[in-house]
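My questions will all concern the structure given below.
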Protein chains: 2
Amino acid sequence: MTDPLTQDPPETEEAQAATKQAVFNAAERLFALHGFQNVSVRDITAEAGVNLASVNYHFGSKDALLFEIFRRRTSELNRERARMLHEAGARHGGKPPVRDILEAYFAPPLRWGSPDHDRRISVQFIIRARSEGNAEMREVLRNDVSHLERFANALMAARPDLPKEDVYWRLHFVLGMVHNNRFAEFDRLHHLSGGITREGDVDALLKRMLDFAEAGFSA
Amino acid sequence: MTDPLTQDPPETEEAQAATKQAVFNAAERLFALHGFQNVSVRDITAEAGVNLASVNYHFGSKDALLFEIFRRRTSELNRERARMLHEAGARHGGKPPVRDILEAYFAPPLRWGSPDHDRRISVQFIIRARSEGNAEMREVLRNDVSHLERFANALMAARPDLPKEDVYWRLHFVLGMVHNNRFAEFDRLHHLSGGITREGDVDALLKRMLDFAEAGFSA
DNA sequence: GCTCGCGTCGAACGTCTGTTTGAACGCGAA
DNA sequence: TTCGCGTTCAAACAGACGTTCGACGCGAGC
């Protein structure tokens, strides 16, 4: 836990108020665990051990706080995905195969979301934001399109034989596979299978997902 | 629109109070469109054109109303899926192939969720319930397991060569594909593809999904 | 014709919500 | 020491919320 608030965007002030950081972390945790609407400003400030007014003082409003967490975590995740896609391109002379493209999209949230990983909460937060998000947040997700476009283009380059329409639809299916990785869904799977599915083994899960998605893309 | 409230469970009273039905329909519509937490009892009763107290009088509480809608729509959907699975079994001597099993799971929500279909709102309601649901509703979804088990068993019978663990995981991926069919997701896909993906053609979409999922299962 | 019970009504209740206020505090600079 | 500024604090605000209450209308049964 090395200062997840300031580790990434170069804050103007090196030493941010400890209160602000405590609010940020507590809010992310509670939102990820219980949902946005089920967490009050009082819950957040109590968890953070700070005064009630801190949220409005440091972030302006509850929504603005939520949005700031969302924006930061989303950009972190997308940056990592773009990085892996770029690396895959470098490895294959600018035209990575389908499997490597999908891996660039799957791996970051899967690894970060694995148990005992620092960013597990952040990933859960992002997943929750996708379904409970504000109109404002959905607007950002729409600009996500520019990010998704890179993956769509890479896929079309890898499969020039496939009609574009098919590529888009299959990408849509693939997104569904990823976004379904919530606590509740894993729980149900674990319960359904009688406990033979282990969520912990991230690499094995990644391999399973890639096998499935790659085969789907090659239909 | 032929009395969707009484068409299915044999109500004790033939002529239910028109108020109760109006509340039921208005609540389902508003919940499906705006989410549970974003719709107040006052919104519902205003939309239904009835008195504020009607919700508590007829259903006990807002949560109970929500739960009743959820339970009814879920059981309707699951019954249709089970029916199609049974039919597929009858067609193939009790051992339907993977594609027919998946179709029994995909087709009902897809058809009912298509534009201009009576049950489009109900499907959207169910999808929303899956992510925003109560603890109580998640409990029901856990009993959904008995429903899912039929599909898991059918899949294991169709692919006895595949380790059970793999079947469960791939079923999990397939569920993700289905649950991703929300308004917002379609919107993003439509926007991303520049409008070449048409949501309206349900049969074509079903075929695409089956192609993808069947190939994934045969990996 | 009277009464009983169901359904509906307007009005209010208590609680929880996000936000605002103004005073107090801590601390480095003058 | 004094000033000024950024931060924290307890307290209160106004509104929205789900729910409850008592009265009223009205058709059925005795």
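The chains referred to below are lettered A, B, ... by the order of the sequence lines, with proteins before strands, and numbering in each begins at 1. All values below were derived from every heavy atom in this structure, side-chain atoms included, with hydrogens, water molecules and symmetry-related copies excluded.
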Are A:Thr19 and D:dT8 close enough that a side-chain N or O sits under 4.0 Å from OP1 or OP2?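 Affirmative; the distance criterion is met.
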So, using salt bridge (charged side-chain N to carboxylate O under 4.0 Å, His left out) as the criterion, who are the partners of B:Glu47 when residues are at least two apart?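 Only B:Arg29 meet the salt bridge (charged side-chain N to carboxylate O under 4.0 Å, His left out) criterion with B:Glu47.
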Check salt bridge (charged side-chain N to carboxylate O under 4.0 Å, His left out) between A:Asp43 and all other residues, then give those that pass, not counting sequence neighbours.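 With sequence neighbours excluded, A:Asp43 shows a salt bridge (charged side-chain N to carboxylate O under 4.0 Å, His left out) to no residue whatsoever.
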Where along nucleotides 12-21 of chain D does protein come under 4.0 Å, by heavy atom, of base (B) or sugar-phosphate alone (S), with - for untouched nucleotides? B----BBBB-
Return the set of residues passing side-chain hydrogen bond (donor to acceptor under 3.5 Å, both in side chains) with B:Glu136 (not counting sequence neighbours), or none when no residue passes.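 With neighbours one apart ignored, the set is empty.
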By the ring pair (Phe, Tyr, Trp, His ring centres under 6.0 Å) test, which pairs, at least two apart or in different chains, include something from residues 122-145 of chain A?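 Passing the test, one end in residues 122-145 of chain A: A:Phe36-A:Phe125.
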Under the ring pair (Phe, Tyr, Trp, His ring centres under 6.0 Å) rule, collect the residues that match up with A:His147, sequence neighbours excluded.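 Ring pair (Phe, Tyr, Trp, His ring centres under 6.0 Å) check on A:His147 returns A:Phe151.
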What is the distance, to the nearest angstrom, from the NE2 atom on A:His58 to the P atom on C:dT19?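 Taking NE2 of A:His58 and P of C:dT19, I get 15 Å after rounding.
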